[in-house]
Amino acid sequence: QVQLVESGGGLVQPGGSLRLSCASSTSIRSIYRMGWYRQAPGKQREVVALITSAGSTNYADSVKGRFTISRDVAKNTVYLQMNSLKPEDTAVYYCNADNSWWGQGTQVTVSS
């Protein structure tokens with residue numbers, strides 16, 4: 001079983017930046033794919049960014065060029081650097097491991 005704990009959410013103005021962290025209770029070396037998802041009020045959860053154990057990454061079209069997913073194997077942590085944030089990025093952001101385990105989510109609100 002993998003436990004994931006997200007942190008780093010908050011309130012930010014449009015154009016600002018945030019970095020989300022997802023700490024895993026187990027070594028992420030053994031996890032094939034980790035990802036960030038988000039769910040806005042009244043909408044379905046959607047994938048934001050994915051990273052594999054080989055370091056390959058994929059992004060939703062809506063965040064390409066603005067968000068960067070990365071991982072620190074030594075810290076068993078995956079990050080999501082979010083730049084040039086827009087109001088439509090407002091959502092609860094969730095960390096996922098191998099499509100099986102989810103974190104509790106962290107709220108990101110982009111508003112002036």
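Below, each value reflects all heavy atoms present in this structure, side chains not excepted, and no hydrogens, waters or symmetry copies.
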* **Rounded distance (nearest 0.5 Å) linking atom OG1 of Thr77 with atom CD1 of Ile28** => 7.0 Å
* To do: With the side chain counted from C-beta on, respond yes when Val2 and Ile31 share a heavy-atom pair under 4.5 Å apart, and no when they do not.
  => yes
* Asked: Going by heavy atoms in the side chains, are Trp101 and Asn96 under 4.5 Å from each other?
  -> no
* Is NZ or CZ of Arg45 both nearer than 6.0 Å to the six-membered ring centre of Tyr94 and within 45° of the ring axis? -> yes
* Using a distance-only test with no angle check, is there a side-chain donor-acceptor pair under 3.5 angstrom linking Ser24 and Asn76? -> no
* Structure fact -> Output for pair (Leu4 CG, Ser21 OG), nearest 0.5 Å, gives 12.5 Å
* Would you confirm whether Thr106, through its side chain, and Ser7, through its main-chain N or O, come within 3.5 Å as a donor-acceptor pair? => no
* Asked: Do Val92 and Val47 share a hydrophobic cluster (ILVMFWY, side-chain heavy atoms under 4.5 Å, transitive)?
  -> yes
* Look at the side chain of Arg33 and the backbone N and O of Asp98, then say whether any donor-acceptor pair between them is shorter than 3.5 Å. => no
* Polar side-chain atom of Gln104 near backbone of Glu6 as donor-acceptor pair, under 3.5 Å -> yes
* Structure fact -> Here the gap from Glu46 atom CD to Trp36 atom CH2, rounded to the nearest 0.5 Å, amounts to 14.5 Å
* Inspect the surroundings of CD in Glu88 and state if more than 12 heavy atoms from other residues, nucleotides or ligands are less than 6.0 Å away. => yes
* Linking I/L/V/M/F/W/Y whenever any side-chain heavy atoms sit under 4.5 Å apart, do Val12 and Val63 land together? -> yes
* Within the 6.0 Å centroid threshold, strictly below: Trp102 and Tyr37 -> yes
* Report yes or no: do Arg38 and Tyr93 form a side-chain donor-acceptor pair below 3.5 Å? => yes
* Report yes if the side chains of Leu80 and Phe67 come closer than 4.5 Å at any heavy-atom pair, otherwise no. => yes
* **Taking every non-hydrogen atom, the tightest pair across Gln81 and Ser17** => NE2-CB, 4.0 Å
* Charged N to carboxylate O below 4.0 Å: is that the case for Lys64 and Asp61? -> yes
* **Side-chain (Ser25) to main-chain (Gln3) donor-acceptor, under 3.5 angstrom** => yes
* How long is the gap from OG on Ser70 to CD1 on Ile51, to the nearest 0.5 Å? -> 6.5 Å
* **Check: Tyr59 side chain, Ile69 main-chain N or O, donor-acceptor pair, under 3.5 Å** => yes
* To do: Please examine the side chains of Ser111 and Gln13, heavy atoms only from C-beta on, and report whether any two atoms are closer than 4.5 Å.
  => no
* To do: Rounded to the nearest 0.5 Å, what's the gap from CG on Asp89 to OG on Ser62? Could you check?
  => 7.0 Å
* Taking every non-hydrogen atom, the tightest pair across Ser112 and Pro14 -> N-CD, 3.7 Å
* Arg71 side chain vs Ser53 backbone, donor-acceptor pair below 3.5 Å -> yes
* Asked: Heavy atoms, side chains only, cut-off 4.5 Å: are Leu18 and Leu85 in contact?
  -> yes
* Taking the side chain as C-beta and beyond, is there a heavy-atom pair between Leu20 and Met82 under 4.5 Å? -> yes
